Amino acid sequence: MPRPELLEQIYTIVDQIPAGRVTTYGRIAAMTEGATARSVGSAMRHLPEGHTLPWHRVIAATRKLADHDSAQRQHELLRAEGVTFDVSGKVPAHLLWP
DNA sequence: GTAATGACTCCTT
DNA sequence: TAAGGAGCCATTA
């Protein structure tokens, strides 16, 4: 579990991802001070109950979904928002949030 | 203080 | 383009 300051920064950034767009763990980590991609992943795993964060818009740098328990649900949520996936299961580059 | 772990990333084949 | 392996960094035991 990342430090509280990092969690706060990570949550703030994730909350700013527009619907229908996605970003990567590394991008988020780069926007914080001290966090790494793995730290961001850890933060997503420990999301507080009742949160309203669009955690499903966070994917791996390969533009595929990271391998975790909720990946299937994440895929459904993204498709519901209009995010498309190519034949190899990757999100189109133009959907990446800067 | 040391070692292990993880919703990752980058650099080679 | 894809697959494999080393590297990273914060957290935990």
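Note that this is a predicted model, so its numbers are computed, not measured. A note on names: the letters A, B, ... follow the listed sequences, proteins ahead of strands, and every chain is numbered from 1. Reckoned from all heavy atoms, side chains included, excluding hydrogens, waters and symmetry mates.
Residue A:Arg63 contributes atom CZ, which lies 13 Å from atom P of B:dC10 at whole-angstrom precision. Atom pair A:Arg73:CZ and B:dA7:C1' shows a separation of 13 Å (rounding to whole Å applied). Between A:His56 atom NE2 and B:dA7 atom P there is a gap of 20 Å when expressed in whole angstrom units. If you take OH of A:Tyr25 and P of B:dC8, they are 6 Å apart, rounded to a whole angstrom. One can place CD1 of A:Ile28 at 11 Å from C1' of B:dA7, the figure rounded to the nearest angstrom. Taking atom CH2 on A:Trp55 and atom C1' on B:dC8, their separation rounds to 17 Å, with Å as the unit. Atoms NE2 (A:His75) and C1' (B:dA7) sit 16 Å apart, rounded to a whole Å.
Defined by atom type and a distance below 3.5 Å, a donor-acceptor pair is present between the side-chain atoms of A:Ser39 and A:Thr36.
With sequence neighbours excluded, the residues that form a side-chain contact (heavy atoms from CB on, under 4.5 Å) with A:His75 are A:Leu65, A:Arg79, A:Phe85.
Counting heavy-atom neighbours within 6.0 Å of A:Asp67 CG, excluding the residue itself, gives a total of 12 or less. Taking a 6.0 Å sphere around CD of A:Glu5, one finds it holds more than 12 heavy atoms contributed by other residues, nucleotides or ligands.
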How would nucleotides 1-13 of chain C be written as a contact map, 5' to 3', with B for base contact, S for sugar-phosphate-only contact and - for no contact, using protein heavy atoms under 4.0 Å?
-S----B-BSSS-
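Atoms NZ and CG, on A:Lys64 and A:Asp86 in that order, are 9.0 Å from each other to the nearest 0.5 Å.
The side chain to side chain donor-acceptor pair (under 3.5 Å) test with A:His56 is passed by exactly one of A:Glu81, A:Glu76, A:Arg73: A:Glu81.
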